[in-house]
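This report concerns only the one structure given below.
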Amino acid sequence: MTELLAALLLGIIEGLTEFLPVSSTGHLLIVQHWLGQRSDFFNIVIQAGAILAITLVFRQRLWDLATGWREAENRDYVAKILVAFLVTALVGLPVRLAGWELPETVTPVAWALILGGVWMVVAEHFAERRGDQPLVTWKVAVLVGLAQVVAGVFPGTSRSAAAIFMAMLAGTSRRSSATEFVFLVGIPTMFAASAYAFLELALEGDLSSENWGAVALAFAAATATGFVVVKWLLGYIKSHRFTGFAIYRIVLGAALLMLMPAGS
């Protein structure tokens with residue numbers, strides 16, 4: 001397989017899995033087992049493509065929030081996004097600097113997939129007992145921020161899954177409301193995380209050996225695919241539960257444990 005084709009496939013997989021509650025880390029782990037490991041810079045760039053995709057999907061919502069700041073409801077919503085982001089940054093940065101993160105190898109990622117799938121089923125069950133609650137509270141904002149940190153420590157958890165189901169358990173039981181809030185929080189969170197990682201690599205001088213054509217192709221593929229997937233997901237969850245994603249995670253995690261070498 002050529003380098004460009006491999007980059008295209010990795011970009012598509014990143015776009016498909018970054019915002020679905022199935023863990024992009026787990027899927028990239030599987031694919032890179034055959035296509036070869038990619039640099040940290042490559043992984044940062046394709047993630048940035050996914051961030052751009054979700055920014056484009058929510059461009060009207062972001063514009064409305066930015067231009068409607070005189071309305072108390074909009075100011076309140078933006079403040080909650082900032083609180084969730086600040087909780088993630090203030091808790092997550094010390095965690096990252098301390099090196100508290102499980103390795104991105106098969107065993108921990110597979111167990112995170114399985115346990116995350118069980119968590120999704122349980123969380124959605126209890127959330128539905130609360131009724132249809134669209135309001136995002138300050139409690140939800142804080143817990144979403146903490147859930148993003150947990151997802152960073154345990155590769156395979158899925159940032160979107162951890163945060164969405166934490167929001168639903170904490171009070172925002174309407175799937176579409178919880179998902180929108182988590183995705184909007186993800187924009188500054190993921191931009192900041194990608195920028196920080198990029199700065200680290202630049203200071204270490206690890207950017208000189210990249211295949212820039214392959215990187216650009218993967219970025220474009222992640223952006224285009226991510227845009228389509230997020231648009232589809234936002235429509236899907238209006239009338240469907242997340243159960244199918246939970247079952248998929250459990251099956252994938254079990255397959256990883258059985259079929260792939262433990263240290264890979």
Side-chain angles (χ1 to χ4, degrees), residues 18-23 51 54-55 57-58 61-62 64-66 68-96 98 100-101 112 115-193 230 233-234 237-238 240-243 245-246 249:
E18 181 62 49
F19 295 105
L20 295 180
V22 296
S23 173
I51 305 169
I54 202 167
T55 305
V57 170
F58 284 101
R61 177 66 164 138
L62 293 169
D64 291 342
L65 289 172
W69 60 270
R70 292 184 179 85
E71 299 177 18
E73 182 180 353
N74 284 341
R75 292 198 303 272
D76 181 73
Y77 196 84
V78 171
K80 288 168 182 172
I81 291 175
L82 291 175
V83 164
F85 168 71
L86 289 174
V87 168
T88 301
L90 294 176
V91 178
L93 184 57
V95 168
R96 179 180 176 85
W100 294 343
E101 181 181 359
L115 295 175
V118 174
W119 154 256
M120 287 166 62
V121 173
V122 172
E124 191 161 32
H125 170 74
F126 283 103
E128 288 184 341
R129 295 174 63 178
R130 295 175 177 268
D132 185 31
Q133 174 55 264
L135 181 66
V136 177
T137 64
W138 292 103
K139 175 184 176 181
V140 167
V142 171
L143 291 177
V144 163
L146 292 175
Q148 293 191 132
V149 177
V150 172
V153 174
F154 296 96
T157 303
S158 171
R159 187 200 64 83
S160 60
I164 288 170
F165 290 97
M166 180 60 77
M168 291 177 67
L169 271 182
T172 308
S173 58
R174 182 182 294 178
R175 286 185 293 269
S176 57
S177 298
T179 301
E180 179 188 82
F181 181 74
V182 167
F183 282 1
L184 291 174
V185 171
I187 294 173
T189 300
M190 294 172 66
F191 267 129
V230 172
L233 180 65
L234 293 174
I237 60 175
K238 290 180 180 179
H240 296 80
R241 299 180 64 180
F242 283 101
T243 307
F245 295 110
R249 286 178 63 109

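For the numbers below, each heavy atom of this structure counts, side chains included, while hydrogens, waters and symmetry mates do not.
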* Begin from the C-alpha positions of Phe19 and Thr179 and carry the test side-chain contact (heavy atoms from CB on, under 4.5 Å) through to its verdict. => CA-CA 10 Å; Phe19 295 105; Thr179 301; over 6 Å; no
* To do: Could you walk me through whether Ser173 and Gln133 pass side chain to side chain donor-acceptor pair (under 3.5 Å), step by step?
  => CA-CA 5 Å; Ser173 58; Gln133 174 55 264; over 6 Å; no
Hey, are the side chains of [X] and [Y] touching, using non-hydrogen atoms and a 4.5 Å cut-off?
X	Y	answer
Phe181	Val144	yes
Leu234	Phe58	yes
Trp119	Leu169	yes
Met168	Glu128	no
Glu18	Ser160	no
Val87	Leu146	yes

At their closest point, which heavy atom of [X] faces which heavy atom of [Y], and how far apart are they?
X	Y	answer
Ala147	Ala163	CB-CA, 3.8 Å
Phe85	Pro188	CE1-O, 3.5 Å
Ser158	Ser23	CB-N, 3.6 Å
Arg249	Gly117	NE-N, 3.4 Å

Is a side-chain donor or acceptor of [X] paired with a backbone partner of [Y] at a separation under 3.5 angstrom?
X	Y	answer
Thr157	Phe154	yes
Arg174	Leu135	no
Arg159	Val150	no
Lys139	Gly171	no

* To do: Could you give me the CA-CA distance, side-chain angles and deciding distance for Glu180 and Arg175, then say whether salt bridge (Lys or Arg N to Asp or Glu O under 4.0 Å) is met?
  => CA-CA 9 Å; Glu180 179 188 82; Arg175 286 185 293 269; over 6 Å; no
* To do: Please say whether the positively charged group of Arg61, taken as NZ for Lys or CZ for Arg, lies over the ring of Phe183, i.e. under 6.0 angstrom from the six-membered ring centre and within 45 degrees of the axis.
  =>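 Negative - Arg61 is either too far from the ring of Phe183 or too far off its axis.
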* To do: With side-chain contact (heavy atoms from CB on, under 4.5 Å) as the test, would you mind laying out the steps for Thr137 and Val140 before giving the verdict?
  => CA-CA 5 Å; Thr137 64; Val140 167; 3.3 Å; yes
What is the distance from atom [atom1] of [X] to atom [atom2] of [Y], rounded to the nearest 0.5 Å?
X	Y	atom1	atom2	result
Asn74	Leu65	CG	CG	5.0 Å
Gln148	Met166	CD	CE	11.5 Å
Leu143	Phe165	CG	CZ	15.5 Å
Phe245	Ile164	CZ	CD1	9.5 Å
Arg129	Glu124	CZ	CD	14.0 Å
Ile187	Leu184	CD1	CG	5.5 Å

